[in-house]
Each structure stands twice: as C-alpha cells, then as structure tokens.
2 protein chains.
Amino acid sequence: MQAQKDAVQLLKNAGLRVTPQREAILQFLLDYDGHATVDDIYTSLQDRFPSMSVSTVYNTVKQLSQVGLVKEIGVGEGASRFDINVEPHHHLVCTRCGALFDFYLEEPIRLSVPPEAEGFEVEDYHVEVRGVCPRCKKQQVS
Amino acid sequence: MQAQKDAVQLLKNAGLRVTPQREAILQFLLDYDGHATVDDIYTSLQDRFPSMSVSTVYNTVKQLSQVGLVKEIGVGEGASRFDINVEPHHHLVCTRCGALFDFYLEEPIRLSVPPEAEGFEVEDYHVEVRGVCPRCKKQQVS
DNA sequence: ACCTAGATGAGAACGATTCTAAAGTACGAC
DNA sequence: GTCGTACTTTAGAATCGTTCTCATCTAGGT
Ligand SMILES: [Mn+2]
Ligand SMILES: [Mn+2]
Ligand SMILES: [Zn+2]
Ligand SMILES: [Zn+2]
C-alpha cells in the first residue's frame with residue numbers, strides 16, 4: 001500500500017508533461033543510489049536516448065527541482081548534484097574524492113544573527129561537513 | 001600593542017614572497033568590509049595596477065587561502081568569495097541579491113553519521129543559511 | 001484528427017576558473 | 001652591491017559547467 005514511486009505518475013501529479021526523456025531522467029534519479037550530476041544522467045541515458053541533448057537534462061532537472069521532486073546540491077567545486085532525497089538533510093563531503101554522504105542533524109541549529117542582518121528571513125539551511133571519507137582514509141599514505 | 005595587520009608582515013610571516021600585487025591584494029581584503037570576489041579585487045586594483053592579470057588575483061587568493069590568511073567561501077551560484085575573517089563562522093545568503101552576512105552558531109552542531117559513512121573524519125563544516133535579507137524584504141512587492 | 005503551448009536538440013555563447021609559456025622580479029648567497 | 005635562480009607575473013588560450021537560441025517536434029487538450 002505504500003506510495004509507488006512511479007516516474008510517470010510523479011510527473012503528472014507535479015503538473016509536468018510526460019515525455020520519454022523526462023520519465024527516463026526521473027526514473028534514473030529514483031533508482032540511482034547517490035547524488036548524480038547532469039553528466040552522470042546524460043551519459044547513463046546515452047544508450048537509450050542517443051540523441052538526447054545535455055540541455056534537456058539541464059532543463060529537466062531544473063523543473064524537477066522547481067516542483068520539489070529533486071533537490072539541487074551545490075557543494076564545493078564542480079558540477080551540481082541532484083538528490084532524490086528531498087527531506088531536509090545535510091551532507092558529508094570528502095575533500096579527497098568528492099564523495100557525498102547524507103546525514104541528519106540531531107537537533108536544529110541555533111544561530112545568533114548579527115545586527116546588520118537583523119530581520120533576515122530564514123528559508124532553509126544546509127550544512128556541508130568536509131573531511132575524509134572512510135575509503136580515502138584507508139588508501140592514505142600517511 | 002595589538003597585532004598590526006600589516007600586509008607585508010603577514011606575507012613574510014606566511015613565508016610568501018612580497019610582491020606589490022600580493023601586498024595590494026591582501027591589503028584590499030584587510031580593508032574590505034565583506035566577502036570580495038576575484039573580480040571585486042581585480043577591478044578595484046585596476047587603477048593602481050593597470051597591467052595586473054586576473055590570473056595573478058586567482059593565484060594570490062589561492063596562496064593566501066593555503067597559508068590561512070583568507071578563507072574561500074563558495075556559496076550557491078557564481079564566483080567564490082574571499083573572507084579575511086578566518087575564524088570558524090557561517091553565512092546567511094540572500095537568495096534575492098546574493099548578499100552575504102556572517103553569523104556564529106550558539107553551539108556546535110551534533111550530527112548522526114549514517115553507517116555507510118562510518119569512520120568519516122570531519123575536518124570542518126560550514127552552514128549556509130538561505131533566505132531574504134532585510135534590504136530585499138523591504139523592497140518586496142508582496 | 002488538429003492545434004498549440006510547451007519540449008527537444010544542436011550548437012553557440014557565457015562566466016568562472018585554470019593552464020601555458022614567455023618575460024620579469026624577489027631575495028638569499030656570495 | 002651583484003648574481004643566479006626559483007618563484008611570480010602576464011596575456012591569452014583552454015577548460016568546465018551551465019545557459020541561451022532557435023528551429024523542429026510532440027504531448028495532450030479540444
Ligand atoms: Mn543527500
Ligand atoms: Mn564571513
Ligand atoms: Zn573520499
Ligand atoms: Zn538581499
């Protein structure tokens with residue numbers, strides 16, 4: 001009885017037109033275990049959509065973000081990553097290999113806003129924890 | 001008796017060669033109230049160094065970061081910003097105008113690391129709070 | 001079946017950053 | 001003070017991720 005993660009239905013519910021490319025991109029993200037870049041998506045779908053443009057991937061992930069089906073994560077260097085996990089959560093970033101891991105805060109942050117930002121209206125926040133992932137730690141020389 | 005923020009001395013102490021460009025860039029950041037981009041620095045020093053290359057600014061801020069004299073802040077879209085405030089602190093980012101404000105956490109975060117990231121070695125972290133700054137709130141239509 | 005707002009595809013354009021290679025300079029050694 | 005050399009600067013090309021343009025195509029309502 002649990003909500004089926006059907007790409008077509010999700011698109012329809014979001015009020016987006018269902019195209020083969022959109023369906024494939026959303027399905028890819030639903031199946032993908034991790035935080036895919038546009039290029040990850042693009043290359044993975046080359047076989048099935050040899051003529052799909054990289055613009056289409058950009059357009060699609062942007063719209064999926066706008067309707068809240070995915071979340072864009074821009075950490076450190078390089079390309080944005082797209083996260084099918086849209087719950088509020090945060091990320092560990094490996095400074096060696098760029099790997100990303102989800103994590104959750106045990107309690108929400110409490111911040112002291114400086115006078116010059118008095119009245120700042122908080123929408124949301126994201127914590128980026130940098131460090132060395134277990135895999136890179138193992139391979140370390142030192 | 002307080003530590004003089006002399007650009008030349010800071011460079012020497014950091015073991016960096018003192019060049020006019022470096023001195024000017026570091027001095028600019030010391031005087032600048034905020035979070036300057038490479039282009040901010042570059043354009044502001046055009047008068048004094050008409051032939052300075054943008055590469056020099058990139059090279060210099062990278063080295064200043066490496067020796068810990070400045071901190072590179074990469075929030076959201078657009079160009080990196082460079083922060084002369086190297087104490088651990090975090091940022092409010094205006095999603096309308098891009099303005100950046102410092103803030104401090106009242107207490108350090110406590111995170112629950114998922115099993116697949118077991119053993120992740122934390123180096124540091126940065127909290128990016130998105131929202132609407134007081135100025136943009138005032139100008140708002142709604 | 002038809003119409004049209006919206007989507008796609010190819011490639012150009014863009015902004016930020018890095019790279020390259022040649023010419024210039026800081027600074028330690030003498 | 002002069003010299004040598006390792007480091008720095010410069011201009012421009014190159015790269016990377018992303019956005020834009022516009023002609024063609026199509027999903028989905030009528
Ligand atoms: Mn995530
Ligand atoms: Mn700051
Ligand atoms: Zn790693
Ligand atoms: Zn603002």
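Throughout, a chain's letter reflects where its sequence line sits, starting with A, and its residues are numbered from 1.
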query: For the pair made of CG in B:Leu11 and C1' in D:dT9, what is the distance, rounded to whole Å?
result: 15 Å
query: When the nearest nucleotide of DNA chain C is assigned to B:Leu16 and to B:Asn59 on a heavy-atom basis, which residue is associated with the more 5' position?
result: B:Asn59
query: Taking the six-membered ring for Trp, are B:His91 and B:His35 parallel (under 30°), tilted (30 to 60°) or perpendicular (over 60°)?
result: perpendicular
- prompt: NA contact type, B:Ser51, heavy-atom cut-off 4.0 Å: base, sugar-phosphate, or nothing?
  reply: sugar-phosphate
message: Between the base of C:dA7 and the side chain of A:Arg22, is one N or O donor paired with an acceptor at under 3.5 angstrom?
response: no
message: What contact category does B:Thr37 fall into here, base, sugar-phosphate, or nothing, at under 4.0 angstrom with non-hydrogen atoms?
response: nothing
query: Over how many whole Å does the gap from B:Arg17 atom CZ to D:dT5 atom P extend?
result: 13 Å
query: Would you say the base of D:dC7 and the side-chain of B:Thr19 have a donor-acceptor pair closer than 3.5 Å?
result: no
query: Does a sphere of radius 6.0 Å around CD in B:Glu107 hold more than 12 heavy atoms from other residues, nucleotides or ligands, not counting ones at 6.0 Å or beyond?
result: yes
field: Protein-nucleotide distance (B:Leu45, atom CG; D:dT9, atom C1'), rounded to Å
entry: 15 Å
message: Whole angstroms only, please: what is the NZ-P distance between A:Lys12 and C:dG6?
response: 18 Å
field: Separation of C:dA16 P from B:Glu72 CD (nearest whole Å)
entry: 14 Å
query: Which is true for A:Val54 with a 4.0 Å heavy-atom rule: it touches a base, it touches only sugar-phosphate, or it touches nothing?
result: nothing
- prompt: Mapping A:Gly78 and B:Ser55 onto DNA chain D by nearest heavy atom, which one lands closer to the 5' end?
  reply: B:Ser55
- prompt: Within a reach of under 6.0 Å around CG of B:Asp33, are more than 12 heavy atoms found that belong to other residues, nucleotides or ligands?
  reply: no
field: Rounded interatomic separation in angstrom, taking CD from A:Glu77 and P from D:dC16
entry: 14 Å
query: Whole-Å distance between C:dG15 P and A:Tyr58 OH?
result: 16 Å
field: Side-chain N,O (B:Gln21) to OP1/OP2 (D:dT10) below 4.0 Å
entry: yes
For atom CZ of B:Arg48 and atom P of D:dT9, their distance in whole Å: 14 Å
- prompt: In terms of ring plane angle, is the pair B:His89 and B:Tyr104 parallel, tilted or perpendicular, where the classes change at 30° and 60°?
  reply: tilted
query: Just to confirm, is there a sub-4.0 Å distance from OP1 or OP2 of D:dT8 to any side-chain nitrogen or oxygen of B:Thr56?
result: no
Flag if over 12 foreign heavy atoms under 6.0 Å of CD, A:Glu77: no
